[in-house]
Amino acid sequence: MRERRREILRIFAAAGAAAIAGIGSNSTRAEPPPETTRIRLAKVPSICVAPQYVAEDLLRAEGFTDISYVGSGMAAGGVPGAQMMSEGGSDIGMNFAAPLVIGLDRGAGISLLGGVHVGCFELFGSTRVGSIKDLKGKTVSVLAKESAQHVFLASIATSVGLDPNRDIEWVFQPPAEGKQLLAEGRVDAYLGFPPDPQELREKKIGRMLLSSAIDRPWSQYFCCMVAANRDWVHKHPIAAKRALRAILKGSELCASDPELGVRAYLAQGYTPNPEHARQALRELPYGHWRDYNPEETVRFYALRLREAGMIKNPPQKLISQGTDWRALDQLKRELKI
Amino acid sequence: MVAVMLASVPRAWAHATNENARLPIVGKAPQFALTGETGERVVLTDLRGKVLAVTFIYATCSDTCPLLTAKMVEIRRRLGRDFGPRVQFVSITVDPEVDTPAVLRSYAKAQGAHVEGWSFLTGTPREIAEVLQSYGVYARKSERGGVDHLFLTSLIDRSGMLRVQYLGVRFDPGEMYRDLQKLLRE
């Protein structure tokens with residue numbers, strides 16, 4: 001408690017000193033500069049996280065000069081991504097809320113700073129599956145154990161009374177193989193992350209059973225959130241706020257001009273079908289970061305994951321230990337939409 | 001689909017702050033010294049004493065910039081006699097290579113914004129780049145010939161402090177009008 005108070009005093013002191021001195025060394029700055037000019041973002045392969053890629057120029061405007069993307073594939077997202085961040089492998093980045101909650105439950109030293117958008121996932125079923133409940137005893141292809149896809153579908157299954165560990169036969173395959181298995185009828189369902197759903201719809205493979213952008217209750221809670229290494233936030237509170245602001249502005253850019261998001265994503269070296277990528281960015285509901293409650297999101301997924309036996313701690317403990325909304329609360333006052 | 005998504009937004013969370021709350025003080029508004037649409041030099045510090053709304057546009061932007069300017073025209077109308085003497089709008093171009101003072105003058109006229117109390121500013125590419133960076137505005141020439149940029153409107157109080165920023169063009173002009181009134185009452 002005392003440490004937290006000291007930290008708050010330090011932030012106010014820094015802000016006050018900067019104001020008196022004409023904002024540090026750069027008299028044109030409205031706020032104190034970040035405590036560090038280096039920032040490492042988790043390189044997650046999903047196009048959902050386009051706001052953090054499009055934010056690169058905005059991060060520069062916020063005072064970061066050494067911007068890098070670290071990790072790759074599974075290691076940067078899902079539960080492994082939370083672990084990598086906890087171990088100092090990355091400073092900040094976007095990830096799906098549920099694996100972040102699992103990370104917190106396992107003691108990961110990360111802080112959730114805010115939500116970015118809802119709705120990434122779409123569940124596709126074969127003709128043998130008419131509803132979520134029909135998944136009992138069926139095969140479902142997802143990227144990997146503890147990937148965002150696996151954790152999300154486990155949450156869904158639990159919500160309709162299924163035991164994701166017993167009732168579903170998981171098939172862990174990369175997206176290309178998973179989609180192929182669904183097309184060939186060798187699995188009963190596939191959970192896609194953009195731009196997979198756009199491709200499946202175009203090719204008329206399977207039928208959509210659930211969209212987290214549309215279907216309640218999933219559409220009521222953030223999908224991607226911004227998390228950061230807890231020590232990094234503690235040492236660099238102004239940098240954390242500035243980075244969060246850049247990513248939230250990136251979300252607005254993706255909403256107003258999806259093509260920008262596509263270009264930023266492709267510039268990271270990913271090679272999706274460009275038209276599917278464009279469609280995905282047009283469909284994702286960016287720009288609504290003020291409209292949803294990040295704490296409710298953590299509570300919601302913590303409850304689902306606890307029902308699924310995937311976490312042990314009660315939601316409030318995870319919220320107390322693993323969330324830090326101070327920067328978000330400031331930004332909600334300073335940055336209106 | 002869009003309608004379903006909008007209907008599902010829990011609005012109670014949105015803008016949950018007290019309507020009467022004082023606007024935050026973000027910090028000192030970043031300085032600028034640029035050229036107005038009539039060729040005069042406009043310096044931020046010379047505008048002290050007025051409440052300012054600073055926006056970023058470019059004259060050949062045919063899709064979104066006019067939406068923003070139209071909202072500002074509506075706010076100007078609501079401000080009545082306060083507009084000009086007590087409240088000033090400043091629109092800064094993000095395309096200085098194209099937007100000369102004469103181009104901005106024509107743009108202002110076409111948008112119904114060619115009035116006392118509303119400045120349209122340009123400068124050298126370097127001057128503009130510095131202003132964009134200091135206000136946190138993304139802008140980059142696009143392959144399509146325009147300028148991709150972030151819409152960000154900053155409200156600055158009479159003592160030159162940046163108080164709040166509006167992101168995008170979907171904001172409620174009524175809310176911005178109320179914020180300007182709050183700053184006038186301080």
Side-chain angles (χ1 to χ4, degrees), chain A residues 15 18-19 22-23 26-32 54-63 118-119 211 213-221 242 245-246 248-253 255-257 259-260 263 283 285 287-296 329-337, chain B residues 1-2 4-17 21-32 44 63-64 130-140 142-144 146 148-156 161-172 175-176 179:
Chain A
I23 316 303
N26 184 346
S27 63
T28 64
R29 285 200 186 281
E31 299 174 276
V54 87
E56 187 168 333
D57 283 354
L58 294 162
L59 287 166
R60 290 191 198 289
E62 294 286 357
V118 301
S211 164
I214 301 172
D215 294 308
R216 290 172 179 247
W218 319 100
S219 61
Q220 305 296 293
Y221 302 99
R242 285 178 171 275
R245 177 165 51 204
L248 296 176
K249 284 182 179 177
S251 166
E252 182 63 31
L253 277 173
S256 61
D257 191 349
E259 185 65 28
L260 273 180
R263 288 209 299 271
E283 291 176 0
H288 292 283
W289 56 273
R290 290 178 63 106
D291 296 340
Y292 300 88
N293 186 326
E295 189 161 307
E296 285 300 309
D329 289 343
Q330 285 179 24
L331 289 173
K332 286 178 73 180
R333 296 179 66 226
E334 296 169 4
L335 199 57
K336 297 185 176 185
I337 291 180
Chain B
M1 177 168 154
V2 172
V4 171
M5 288 190 312
L6 289 176
S8 69
V9 170
R11 299 301 302 182
W13 175 258
H15 299 236
T17 51
R22 197 166 179 264
L23 293 174
I25 297 175
V26 180
K28 186 179 172 186
Q31 176 66 296
F32 57 75
L44 176 64
D63 48 10
T64 314
E130 284 176 1
V131 174
L132 295 178
Q133 170 137 4
S134 62
Y135 277 84
V137 175
Y138 167 98
R140 186 179 279 190
S142 75
E143 294 161 2
R144 296 164 286 183
D148 296 324
H149 78 286
L150 181 74
F151 287 88
L152 194 69
T153 303
S154 304
L155 302 193
I156 298 170
M161 302 303 285
L162 176 61
R163 302 298 295 273
V164 68
Q165 292 181 305
Y166 280 78
L167 196 52
V169 297
R170 291 170 294 151
F171 64 83
D172 171 13
E175 185 177 9
M176 186 178 287
D179 283 349

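In what follows, chains carry the letters A, B, and so on, assigned in the order in which the sequence lines appear, proteins first and then strands, with residues in each chain numbered from 1. Keep in mind the model is a prediction, meaning the values are calculated, not measured. Just so you know, these numbers use all the heavy atoms, side chains as well, and skip hydrogens, waters and symmetry mates.
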Exercise. Looking at OH of B:Tyr138 and CZ of A:Arg60, how far apart are the two atoms once the value is rounded to the nearest 0.5 Å?
Worked result: 12.0 Å
For this session: Considering non-hydrogen atoms only, spot the tightest contact between A:Ala61 and B:Gly136 and give its length.
Result: CB-CA, 4.2 Å
Exercise. Considering all heavy atoms of both residues, which atom of A:Arg333 and which atom of B:Leu23 are nearest to each other, and what is their separation?
Worked result: NH2-C, 4.4 Å
Seminar exercise, completed: If one checks every heavy atom of B:Tyr135 against chain A at 4.5 Å, the contacting part turns out to be backbone
Problem set entry | CG on B:Leu132 to CG on A:Asp57, rounded to 0.5 Å | 11.0 Å
Exercise. In terms of heavy-atom proximity below 4.5 Å to chain B, should A:Leu260 be classed as side chain, backbone, both, or neither?
Worked result: side chain
Exercise. Non-hydrogen atoms of chain A under 4.5 Å away: do they reach the side chain of B:Leu44, the backbone, both or neither?
Worked result: neither
Problem set entry | Side-chain (B:Arg170) to main-chain (A:Gly287) donor-acceptor, under 3.5 angstrom | yes
Seminar exercise, completed: Between B:Val137 and A:Leu58 the two heavy atoms that sit nearest each other are C-CD2, 4.5 Å
Exercise. Can you find a pair of side-chain heavy atoms, one from A:Lys336 and one from B:Leu155, that are under 4.5 Å apart?
Worked result: no
Problem set entry | Contact check, side chains of A:Arg245 and B:Leu167, non-hydrogen atoms, under 4.5 Å | no
Problem set entry | Interatomic distance, B:Gln165 atom CD to A:Lys249 atom NZ [nearest 0.5 angstrom] | 5.5 Å
Problem set entry | Under 4.5 Å from a heavy atom of chain B, the part of A:Glu259 involved | side chain
